[in-house]
Amino acid sequence: MDYQEFADAYGGEYGVRITLIQQDGTVAADSEALGSLENHDNREEVQEALKGVTASARRYSETMRAQTFYTAVPVHTPDFQGVLRVSVPMAELNSLTAELLRTVLAALVFICIMALLMADCFSRYLIRPLDEVTKAAEEIAGGNYGGKIHTQQNGEIGRLAYTFNEMSQTLRIHVDRLERRNRELEAMLCSMDSAVAAIDDLNTILFYNDGLVKLTGTGTRNLTGQALYSVIRNSLVFDVVDGVRKRGDSFVQEGRINNGQERYIRVMGTPLHELEDKNLGVLLILEDITEIKKLENMRSDFVSNVTHELKTPLTSIRGFVDTLKNGAIHNEKIAMKFLDIIDIESERLYHLIQDILLLSEIESKKDYQIEFCEVNQVIGEVIELLEPKKSEHTQLVFHPQAYVKPYPCNRNRIKQLLINLVDNAIKNTEVGQVQISCYSSDKELHLEVSDTGIGIKEDALPRIFERFYRIDKGRSRKQGGTGLGLSIVKHIVEMYNGNIQVVSRPNEGTIFTVTLPY
């Protein structure tokens, strides 16, 4: 360790003179001396420090040419055995002492001024208790129930102030309780998706929430005090109101409401009772169940379609099995033909079930196998897989870009998406070309599958992503399609918050463009 560097560094940082003295009195380093120094074993503070005691001294320094204050401490480290001495000119210490004295005097002046001000305020406080009582009463009259009188006086004025404060506190508690309950009620009503309205016996709206405004499209006008009929002109709502009043109990009905667009609603009515069963009116809750109805219809259609799609191959299989059992099995040529058909139908049934399970899995939107996928490599695997399926008059073209930013996804999902798009393009292009394109930007991955096949009619484009929808049912079944391929594609794209677009012209071809955000 360089002792001189240590002394120079810390002496400069703290603005003091640092001297390192060995046990024999030899000066190892000094932050102020330019040359060598004499032996310091005769310095009183050094002698005390060598004995293991921290010591201080004051004397004239030849090196610093000024009266100096010294402090020495013993140092015992693996690298150094001796004394570390710090010295400061007395002029600096005197300057600090003077600064401290000035600070103390300023503080005393400030404290005296503050004491005078506080004494003045305290005296004013003592002589104005009656004025405070008057002001506090005026605040309560103005609605400020939390005002208090602060006085230390006893006697009648003190008791008056105490009683007044108790009354103010009690009023504040009750008002806070009422305001909190009103806020809670208002928050509950506003946070409800359903429309809520309370009406009296004359069908006048007592209160309502934002859901009623959204459902009825009444804008920003205040509905309190308005007649219910002027807000909702729907027989279903008034049937529920009449039902509640006749039965004296809750009543529920479902139906349609049309306010610019047709919606399905569920209306539930409940009687409003005050204490002692006094009837105040009717509470109405109108729930928009349009999406639920749509889901029910979709579920019904899906079950119907699945049943139909499963029934067709099963009926075919059972028919050929019965034919074989009734004697056709003994004719080897006919038996093999029927077995081939049964095999084809069984495979179709297997693919249909696999697609249904895959679609259900994708709809759950739970995907834990996320990795950075090299999309060009996946496209190469898809081409290798589907190359045998194309006709000899169809070209499968892919010109990979030099670099495509890896996409974080489930590799199997992207592969399934490409397989369905390319397989559809091959099936619809008996003569021509199927081309795959892939490129990336900073924020998006772009996939494009185009063909020069039979194309899609314009009126069919909006429905091609529906489950089991087929443009040409006979052609699709003949080629082994399940009718779920494009639906699977759409759900995979939605899983990654992407977008899919299709452009097609009959007898010219189709282009599917998929955009997936990074």
Handout entry: Verdict with reasoning, Val267 to Gln253, per side-chain contact (heavy atoms from CB on, under 4.5 Å)
Key = CA-CA 5 Å; Val267 183; Gln253 276 194 349; 5.6 Å; no
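- With rounding to the nearest 0.5 Å, the separation of OG1 in Thr452 from CD in Glu430 is 11.5 Å.
- Of the inter-residue distances, the one linking Arg413 atom CZ with His491 atom NE2 reads 12.0 Å to the nearest 0.5 angstrom.
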Problem - Residues Thr224, Phe207; criterion side-chain contact (heavy atoms from CB on, under 4.5 Å); working and verdict - result: CA-CA 6 Å; Thr224 304; Phe207 65 85; 5.5 Å; no
Exercise for the section: Kindly indicate, with the supporting measurements, whether the criterion side-chain contact (heavy atoms from CB on, under 4.5 Å) is fulfilled by Ile232 and Leu286. Expected result: CA-CA 11 Å; Ile232 305 175; Leu286 294 79; 4.0 Å; yes
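- The two atoms that bring Tyr229 and Phe238 nearest to each other are CA-CZ, 3.6 Å, heavy atoms only.
- Counting heavy atoms from C-beta outward, Leu447 and Leu421 have side chains that stay 4.5 Å or more apart.
- Rounded to the nearest 0.5 angstrom, Glu381 CD and Ile419 CD1 are separated by 9.0 Å.
- The two atoms that bring Leu228 and Ile199 nearest to each other are CD2-CD1, 4.0 Å, heavy atoms only.
- Here the straight-line distance linking atom SG of Cys373 with atom CD1 of Ile414 works out to 6.5 Å at 0.5 Å rounding.
- Counting heavy-atom neighbours within 6.0 Å of Tyr439 OH, excluding the residue itself, gives a total of 12 or less.
- Under the 4.5 Å side-chain criterion, counting only non-hydrogen atoms from C-beta, Asn424 is not in contact with Val449.
- Contact record, Met268 with Val252: CG-CG2, 3.5 Å, taken as the closest heavy-atom pair.
- Atom-to-atom distance recorded for Asn410:CG and Ile492:CD1 is 9.0 Å, nearest 0.5 angstrom.
- In this structure, the side chain to side chain contact (heavy atoms under 4.5 Å, CB included) partners of Lys390, at least two apart in sequence or on a different chain, are Glu387, Thr394, Leu396, Ile426.
- Between Arg245 and Asp200, the shortest heavy-atom contact is NH2-O, 2.9 Å.
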Less than 3.5 Å apart, which donor and acceptor atoms pair up between the side chains of residues 503-518 and the rest of the protein, not counting sequence neighbours?
from   : atom 1 : to     : atom 2 : distance (Å)
Ser504 : OG     : Ile456 : N      : 2.7
Ser504 : OG     : Gly509 : O      : 3.2
Ser504 : OG     : Thr510 : OG1    : 2.8
Tyr518 : OH     : Lys405 : O      : 2.6

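- The number of heavy-atom neighbours closer than 6.0 Å to CZ of Phe372, taken from other residues, nucleotides and ligands shown, is 12 or below.
- Expressed to the nearest 0.5 Å, how far CG of Asn428 lies from CD1 of Ile454 amounts to 4.5 Å.
- Taking 4.5 Å as the limit, every side-chain heavy atom of Leu284 sits out of range of all side-chain heavy atoms of Tyr208.
- Minimum interatomic distance between Ile436 and Phe398 (heavy atoms only, all atoms of both residues): O-CD1, 3.2 Å.
- Looking only at side-chain heavy atoms (C-beta outward), Cys438 and Gln401 stay at 4.5 Å or farther from each other.
- Scanning all heavy atoms of the two residues, the minimum distance from Ile500 to Val493 falls at N-CG1, 4.1 Å.
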